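These numbers were taken from a predicted model, which means no experiment stands behind them. Below, all heavy atoms of this structure are taken into account, side chains as well, without hydrogens, waters or symmetry copies.
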Amino acid sequence: MTYQASEQSDDPVLSLDSITKIFPGVKALDGVVLHLYAGEVTALIGENGAGKSTVVKTLTGIYQPDGGRIMLDGQPVQFPTPQDAADAGVTAIHQETVLFDELTVAENVYIGHAPKNRFGLIDTKAMHAKTTEILNSIGAPIDAGVKLKDLGIASRHLVAIARALSVEARVVIMDEPTAALSQTEIEELYELVDTLKAQGKAILFISHKFDEIFRIADRYTVFRDGQFVGAGKMSDVKEAELVQMMVGRAVDQLFPKRHAEIGDEVLKVVGYSHPTEFEDINFTLRRGEILGFYGLVGAGRSEFMQSLIGITRPSKGAVRIDDKVRVIRSPADAIKAGIVYVPEDRGKQGAILDMPIFQNVTLPSLHKTSRDGFIRLAEEFALAREYTERLDLRAASLDTNVGALSGGNQQKVVIAKWLATQPRVIILDEPTKGIDIGSKAAVHDFMSELAAQGLSVIMVSSEIPEILGMSDRVIVMREGRMAVELQGDDLSPETLVRHAVGIQAQGDAA
Amino acid sequence: MSHLKSREAILFGAILCLLFVVATRFPAFVAPGTLVAVFTDTSPLMILAMGQMAVILTRCIDLSVAANLALTGMVCAMINVAAPDLPVAVILAVSLAMGAMLGAINGILVWKLSIPPIVVTLGTMTIFRGIIFLLTEGKWINAHEMSPQFTGFPRADVLGMPVLGWIAVLVSVVMLVVMARTTLGRSIYAVGGNPHAAVYTGIDVGKTQFAAFVISGMLAGLTGYLWVARYSVAYVDIAGGFELDVVAACVIGGVSIAGGAGTVVGTLLGALFLGVVKNALPVVDISPFWQLAISGAAIIIAVAFNAQSGRSKGRVILKSAEHAQ
């Protein structure tokens, strides 16, 4: 965590000077500093949640900073709208490129700022000529008149890049550009980055992958938890130092892990595979155990969990619960088998906002409180009350619609709903994402209590302190496979990150 | 929930206002006998709206209800012509079963082939009407060909109200229980309210939508017999365009086109509002144009109401999304 003062003589094109961005309950950026230089690639490195995406949105005028200044050529500027950022020559190629299938390549490149003729109509000829010119400049042999839907993924990506360059870009932001590309396409992208460098553009390159950072970046900047950690030239740094900067912190005392009695094996997953999302997942889970699943976003953790509970079908593999084979073809089967899943996205996958609390809580257990399809309201209410009280849910009445509750309370409704099914195994996907510190501690406390009561917990989390603080064992996933299973003394922030990003241990991490 | 309740109160108030205004110019309209007649006249709309409500709650729509009604009604009439002595109970059973079967066709296509419901029911709507033409070659079945017991059943007076009106009451009570007190009703609300969450809780979204289409079809079939018997005539085009009145009744009654929100009582009031407009305005010499304009305005106001409640829902989602950054 050394801040190496930049020694370059040239001045940055674009700088973030002590930028702060606050969301309700969360400081997404806390006085961060970032410099981008003409003709150089700066890699922005950080764990999930370090604030990288917030920086991109601040630079492109989608978010307004709550403090600090954006400097362009040494002058303070403001980007109240994305258009202002584009006018200043700052352009971004986003993780999920937004393009239009039914429009031509030229229309996609110039949508929103198409050249006009003297009648104010779109000048198709000029648009095609300019598009061809841009595509040639990045060495992409694509016909500007072809419809986008007829292009492959790699060509689409080049169109997205051409679109970014069509606005006289001085600063190009690439947010995980290689995530969807194959190895040869990635090589082509590297060449493209070199071309852009040669044209004197300042490039911000966001990536998780260390090999590509070392391949193309000239400088690095590391963020952690929304704070600036360090910056410097790639030639002066080693992988191990970067890893340590990314994770380097003491695991704090937020995690009241109680010692639960770890009992017999409850769940055994053998050879679980899916044609496109994950392969050969094997593990066991014991009574009272908390098993952490760590990995980068997109490592296939949630996809595996969704298959485990029957949302998608695995291509092969078996599940045994209490040493009996259970076939899980639907979420209803999973609930019957005693496996429940609390999804990451409360709003979308968790609660039904237009329904009262009690109906949300009893939804998966209705068969218990009904006879022949008729619901017994008194029993239903009793069940809902029992579990909401266990979670200390505060609401005026169980008749209140869930949509009227705060985020933390909505989370409690969702958890109460799953506990009411009396499961053997509970899967919590990013249980504390987007909630404030106080509620986090409560969720962790509660998780320990569940384990102490004999439930087996699987916790999917991208937060290293949470994984280290709460888990008895950790499985790290990378690109759809189990990278490693760790426990005890093997558990350290460095090993987790190293396995998650896929770099070999090089002696002792410095 | 509270805004839905207040919505029902507003709708009830609007119906009372309408009745009051009409009564000042034509007092006989609010006599009990007339009101019963209006209620009976609105009964087919209420019965169909009960089924349509279930379908719309699951984020689908059933445009084939009027065609289903016409086809099932025609088949009932043809059975009656062929076998005049068949008891009405058998005809009722046939109408329910056949309607349910036609509804099941819609449901299967939506469930198993994942075709958008509006496309499926637009198709079956045309097909059902076409089948009537094939069955009859466009000929009508008239009153003199039907048996008196067949045509008399919906008009028979029980405790001062025709059987048709009582059937609407019965259907409403059954639907009230189904929606509020059965696992099926709960699943219907859950599927429309948040299909993703419903999947995670072990509810089969497609199967639930299928069930809603079967309910809608069954009620359309029942209404088919009642309609043909009441008007004593069956031909290809009966109840043409009536599916739009049915959807309108649901929307005016507060059923959200986006699914998941809406009540039996609200839907009934929506149907009654349309029924009162249709019956009351001609009495006070308001031109048919104004009837249509008032119905249309009611639909737009109702949708604006729904959009308003939908908007506050959107804000909540945004806040959590922002929170998650």
Side-chain angles (χ1 to χ4, degrees), chain A residues 21 23-26 28 49 51 53-54 57 63 306 309-311 330-336 340-356 359-360 362-367 370 372-377 399-401 403-404 407 410 414 417-418 421 433-436, chain B residues 1-5 57-59 174 176-208 211 254-256 258-263 306 309-325:
Chain A
K21 177 72 193 169
F23 294 114
V26 187
S53 295
T54 312
K57 288 180 177 163
Y63 290 161
Q306 290 179 358
I309 58 147
I311 301 262
S330 69
D333 289 345
I335 293 166
K336 245 179 262 161
V340 300
Y341 175 68
V342 183
E344 175 185 345
D345 187 340
R346 285 192 293 280
K348 206 168 151 212
Q349 301 163 336
I352 295 170
L353 301 181
D354 272 340
M355 257 191 185
Q359 294 187 1
N360 263 287
T362 57
L363 207 51
S365 336
L366 270 186
H367 59 95
S370 59
D372 306 321
F374 285 91
I375 297 165
R376 307 203 160 177
L377 276 187
D399 253 332
T400 314
N401 277 1
Q410 287 184 10
V414 173
K417 168 169 88 173
W418 292 118
T421 67
K433 190 172 176 184
I435 63 179
D436 58 80
Chain B
M1 217 58 177
S2 62
H3 71 273
L4 285 177
K5 276 177 186 145
L57 280 175
T58 66
R59 298 197 172 179
V174 169
L176 206 57
V177 174
V178 167
M179 296 313 293
R181 299 296 294 271
T182 68
T183 49
L184 174 63
R186 198 60 65 72
S187 300
I188 285 174
Y189 278 110
V191 162
N194 189 339
H196 299 284
V199 167
Y200 283 101
T201 51
I203 294 170
D204 189 327
V205 172
K207 204 163 149 186
T208 307
V255 180
S256 164
T263 62
N306 288 351
S309 47
R311 199 170 299 161
S312 64
K313 199 164 74 182
R315 270 196 215 109
V316 171
I317 292 165
L318 263 181
K319 209 186 275 168
S320 72
E322 196 178 44
H323 217 246
Q325 289 298 322

### Message
Please report the interatomic distance CD(Q306(A)) to OH(Y200(B)), rounded to the nearest 0.5 Å.
### Response
3.5 Å
### Query
What are the two closest non-hydrogen atoms of A351(A) and A197(B), and how far apart are they?
O-CB, 4.2 Å
## Note on the structure
Whatever's closer than 4.5 Å to a heavy atom in chain B on T362(A) counts as side chain
### Largest heavy-atom contact set with chain B, pairs under 4.5 Å, which of G310(A), S330(A), G373(A)
G373(A)
### Message
For L377(A), which atoms come within 4.5 Å of any heavy atom of chain B: side chain, backbone, both, or neither?
### Response
both
#### Entry: Separation between NE2 of H196(B) and CD1 of I311(A), rounded to the nearest 0.5 Å
10.5 Å
### Query
Do you know the tightest heavy-atom contact between A180(B) and I375(A)?
O-CD1, 4.5 Å
### Task
Give the minimum heavy-atom separation between T201(B) and W418(A), together with the two atoms involved.
CA-CH2, 3.6 Å
#### Entry: Engaged part of V178(B) at the chain A interface, taking heavy atoms whose separation is under 4.5 Å
neither
### Task
Starting at CG of L184(B), measure out to CZ of F374(A) and round the result to the nearest 0.5 Å.
10.0 Å
### Query
Relative to chain B, which segment of K417(A) carries a heavy atom at a distance below 4.5 Å: side chain, backbone, both, or neither?
side chain
### Query
Are the side chain of N194(B) and the backbone N or O of G350(A) linked by a donor-acceptor pair below 3.5 Å?
no
### Task
Walk me through it: do R181(B) and R376(A) pass the test side-chain contact (heavy atoms from CB on, under 4.5 Å)?
CA-CA 8 Å; R181(B) 299 296 294 271; R376(A) 307 203 160 177; 5.7 Å; no
### Query
Which one of T182(B), V177(B), I203(B) has the most heavy-atom pairs closer than 4.5 Å to chain A?
T182(B)
